[in-house]
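Hydrogens, waters and symmetry mates play no part in the numbers below; they use all other heavy atoms, side chains included. If you read the sequence from its start, that first residue is 1, and numbering goes on from there.
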Amino acid sequence: MRAQDSATSQTTIAVPVAPGSGRPATGRGSAARAGTLQAALGVTAFSLTFPATAWGLEGFGPWSLVAVRTVLAAVIAGGCLLALRVPLPGRHHWVGLAVVAAGVVLGFPLLTTLALQTSTTAHAAVVVGLLPLTTALFSALRVGTRPSRTFWVAASAGAAVVIAFTVQQSGGALTSADAYLFAALLVCAAGYTEGGRLARVMPGWQVIGWALVLCLPVTVPVAAVALSYEPVQLTAHSVTGLLWVAAGSQFVGLVVWYRGMAAIGIPKASQLQLAQPLLTLVWSVLLLGEHLTPAAPLTAAAVLVCIAVTQRTRD
């Protein structure tokens, strides 16, 4: 890593500058668009997590599902790291990687899986509705980002719209799973923020890759014990759900998500997640047979307006 950083620092790249602007003419705009697209792809992958988890729970216990998905994702990530001969991160990065591992790799999947045992995917989407605003708050505290007042107003409005819609979808009643969901919200926001910070100094796929590998000493024995105690039924749904949450949600989705956050900033990337609960509800209808109310199109339009405002504001 140090050799690569040194080589990179000695290389000068000429970038066309727009007259009178003092900024790259096209590089910054194209990088921002690419970062937005990558973050949006990550949100799309995450939106399938709850339905895929519900499928996985048809054949696996909650502890087995979380442990096995993490082990499978770590095998994929570790294979990529070995194949490309990626050197170990510096010592000063391991604390941050541990936060990513605790929040994104272990905490959020386990807590939301436990919640989905008694909660519908529509109700569980409440935690995702609050996640963008919480991630922006964590970013302001940890990284020192200072979004504009317009950003905070639009982000808060988008969160309020999503919460109102998802609570209405669940009948307006809180469930016993809410404690799991709110705890998942906090640990995931911390993991997203730390991962976005690390993605500025190392490739995003290496951030999640090393975090997954870091968890192997815990997840392998937990998977072995859980599989011996919890019954397993291998069906098309359970296997598909397991494979998606392992490869799609736990690795590929996080890779593009961290790359997007590094490119456009943690606050702006986090606000794209305002669309995630609505996408989750669509997948819930298509994959799980849940019913959607006529309020969905109006909510989607309101959320898209909020996203547009947050993406146009300056830090």
What I'd like to find out is whether the side chain of [X] reaches to under 4.5 Å of the side chain of [Y], using heavy atoms alone.
| X | Y | answer |
| --- | --- | --- |
| T193 | R197 | no |
| T112 | T49 | no |
| L88 | W210 | yes |
| R69 | S249 | yes |
| S284 | T280 | yes |
| V252 | L254 | no |
| L287 | L48 | yes |
| S238 | Q233 | no |

To the closest 0.5 Å, what do you measure between [atom1] ([X]) and [atom2] ([Y])?
| X | Y | atom1 | atom2 | answer |
| --- | --- | --- | --- | --- |
| W55 | T53 | CH2 | OG1 | 12.0 Å |
| T240 | E58 | OG1 | CD | 10.0 Å |
| R259 | L41 | CZ | CG | 11.5 Å |
| L106 | L212 | CG | CG | 9.0 Å |
| L198 | M261 | CG | CE | 10.0 Å |
| T134 | L185 | OG1 | CG | 4.0 Å |

If we ignore angles and hydrogens, is there a donor and acceptor under 3.5 Å between the side chains of [X] and [Y]?
| X | Y | value |
| --- | --- | --- |
| E230 | S64 | yes |
| S47 | W283 | yes |
| T219 | T70 | no |

Might you point out which heavy atoms bring [X] and [Y] nearest each other, and give the distance in Å?
| X | Y | answer |
| --- | --- | --- |
| C215 | A101 | SG-CB, 3.4 Å |
| G204 | A199 | CA-CB, 4.3 Å |
| A77 | G209 | CB-CA, 3.6 Å |
| A247 | I76 | CB-CD1, 4.0 Å |
| V187 | G107 | CG2-C, 4.0 Å |
| Q206 | L81 | CG-CD2, 4.2 Å |

Counting only heavy atoms not in W152, do more than 12 fall under 6.0 Å of its CH2? yes
Quick check: are there more than 12 heavy atoms from other residues, nucleotides or ligands sitting under 6.0 Å from CH2 of W205?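 Yes, enclosed.
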Answer with yes or no whether the hydrophobic clustering places V222 together with Y229; edges join I, L, V, M, F, W, Y residues whose side-chain heavy atoms lie under 4.5 Å apart.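 The answer is no; the residues belong to distinct hydrophobic clusters.
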When clusters are formed by joining ILVMFWY residues with side-chain heavy atoms under 4.5 Å apart, either directly or through shared neighbours, do W94 and V86 land in the same one?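 Same cluster.
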Decide if the gap between the ring center of W257 and the ring center of Y192 is smaller than 6.0 angstrom.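 Yes - the distance between ring centres of W257 and Y192 falls below the 6.0 Å cut-off.
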Once the angle between the rings of F108 and F50 is folded into 0 to 90°, is it parallel (under 30°), tilted (30 to 60°) or perpendicular (over 60°)? parallel
When you look at H93 and V201, which way does the side chain to side chain contact (heavy atoms under 4.5 Å, CB included) test go after all the steps? CA-CA 10 Å; H93 291 323; V201 295; 3.7 Å; yes
Candidate list V245, V104, V66, test side-chain contact (heavy atoms from CB on, under 4.5 Å), partner P109, passing option: V66
